[in-house]
Amino acid sequence: MQFFGGSDISPASPAVPPSTTTGGPGNNANMIYIFNRNGVCLLYREWNRPLRTLDSNQDHKLMFGLLFSLKSLTAKMDPSSGDKGNLGVPQLPGQGCSFHSFRTNTYKLSFMESPSGIKIILVTHPKTSDLRESLKYIYNLYVEYVVKNPLYSPGSPIRSELFNTTLDQYVRGLG
């Protein structure tokens, strides 16, 4: 089953993009966040994050606040829309202008929001190329292994070992 463009989900053969930076496999991804539409962090995983300065609740609130602010700013700055709305007013998924990523000298943050309001954030090496297809693939994994699981209750943290294992294997292949 597919929810975004691309091929059907096949846990045995994920669609890994070509290598994007120097270094060994798995050196690109630092961490991933998955939030629901209400800002609840459903999943946080890290692979390469040597420095931790905040507790997890502060970290999740800061990341969701950053997304909220960036979405609001991009909608306000949209040159093609006459109706700008008020800065800070939430927009529906897919409405107005949106951002996909930004880069600093130490990391790149890639973002995708699904039509249902699920937000996926992947923080990687700054030289990583466009990850939109990878984020779509991760969303499809989420739907396949979490949403379709009859034991999962929406809005609760993701505790699926199959999802976590498949996600880890896929992210390791991003390098």
Side-chain angles (χ1 to χ4, degrees), residues 1-37 39-52 56 59-60 62-64 66-67 70-71 93-94 98-104 106-175:
M1 175 162 250
Q2 70 184 30
F3 291 88
F4 288 102
S7 60
D8 289 344
I9 290 213
S10 171
S13 58
V16 177
S19 183
T20 54
T21 67
T22 59
N27 288 341
N28 286 341
N30 296 333
M31 57 198 123
I32 189 169
Y33 299 82
I34 299 179
F35 291 99
N36 70 7
R37 70 174 56 235
V40 175
C41 187
L42 304 177
L43 178 80
Y44 171 75
R45 292 187 64 85
E46 59 186 48
W47 295 278
N48 298 315
R49 187 178 187 183
L51 180 62
R52 288 176 190 80
S56 61
D59 187 44
H60 299 161
L62 188 62
M63 181 58 72
F64 190 79
L66 173 68
L67 293 174
L70 284 172
K71 283 181 58 180
S98 65
F99 78 99
H100 302 288
S101 66
F102 69 82
R103 184 183 327 262
T104 71
T106 58
Y107 68 91
K108 177 180 180 183
L109 184 142
S110 299
F111 169 74
M112 185 207 79
E113 185 171 12
S114 75
S116 63
I118 296 295
K119 296 162 186 61
I120 300 175
I121 301 99
L122 189 59
V123 180
T124 59
H125 187 277
K127 293 183 181 176
T128 303
S129 63
D130 186 14
L131 291 175
R132 282 186 248 185
E133 291 303 314
S134 295
L135 292 171
K136 289 176 185 178
Y137 184 82
I138 291 169
Y139 177 74
N140 285 336
L141 289 176
Y142 164 76
V143 169
E144 201 63 30
Y145 295 126
V146 177
V147 174
K148 290 183 178 181
N149 183 345
L151 301 176
Y152 178 72
S153 62
S156 64
I158 298 170
R159 306 230 188 277
S160 168
E161 282 304 314
L162 184 57
F163 174 75
N164 289 337
T165 302
T166 307
L167 176 65
D168 285 344
Q169 288 173 351
Y170 181 70
V171 169
R172 280 191 196 104
L174 288 176

Testing the basics here: between Y152 and V146, what is the closest heavy-atom pair and its distance to 0.1 Å? CB-O, 3.4 Å

For F64, ring-ring contact (aromatic ring centres under 6.0 Å, His included) partners two or more places apart: F35

Who are the ring-ring contact (aromatic ring centres under 6.0 Å, His included) partners of F111, not counting sequence neighbours? F99

Side chain proximity check, I118 to V143, heavy atoms < 4.5 angstrom: no

Measure across S114 and S116 and return the closest heavy-atom pair with its distance rounded to 0.1 Å. OG-OG, 2.9 Å

At what distance, to the nearest 0.5 angstrom, does CD of Q169 lie from OG1 of T166? 6.0 Å

Is there a donor-acceptor pair under 3.5 Å between the side chain of S160 and the backbone N or O of F163? yes

Before you tell me yes or no, could you show the steps for M63 and L109 under side-chain contact (heavy atoms from CB on, under 4.5 Å), namely the whole-Å CA-CA distance, both residues' side-chain angles and the distance that decides it to 0.1 Å? CA-CA 10 Å; M63 181 58 72; L109 184 142; 3.7 Å; yes

Between I121 and L66, is there a side-chain heavy-atom distance shorter than 4.5 Å? no

Gap between atom OH of Y142 and atom CG of L42 - 0.5 Å precision: 5.5 Å

For V171 and A29 the tightest heavy-atom approach is CG1-CB, 3.1 Å

Closest heavy-atom contact between N149 and L151? OD1-N, 2.9 Å

Just how far is it from atom CZ of R132 to atom CG of L122, taken to the nearest 0.5 Å? 14.0 Å

Nearest-0.5 Å distance that lies between atom CG in L62 and atom CG in L67: 10.0 Å

Provide the closest heavy-atom pair for T104 versus F102 in the form atom of the first, atom of the second, distance. CG2-CE1, 4.0 Å

Shortest non-hydrogen contact from L167 toward R45: CD2-CD, 4.0 Å

Nearest-0.5 Å distance, NZ of residue K108 to OG of residue S129: 6.0 Å

So do I138 and I32 actually touch side chain to side chain, heavy atoms under 4.5 Å? yes

Are any non-hydrogen side-chain atoms of W47 and D168 less than 4.5 angstrom apart? yes

State whether the side chain of K119 and the backbone N or O of G39 hold a donor-acceptor pair below 3.5 Å, judged by distance alone. no

Are any of the side-chain heavy atoms of Y33 and D59 separated by less than 4.5 Å? yes

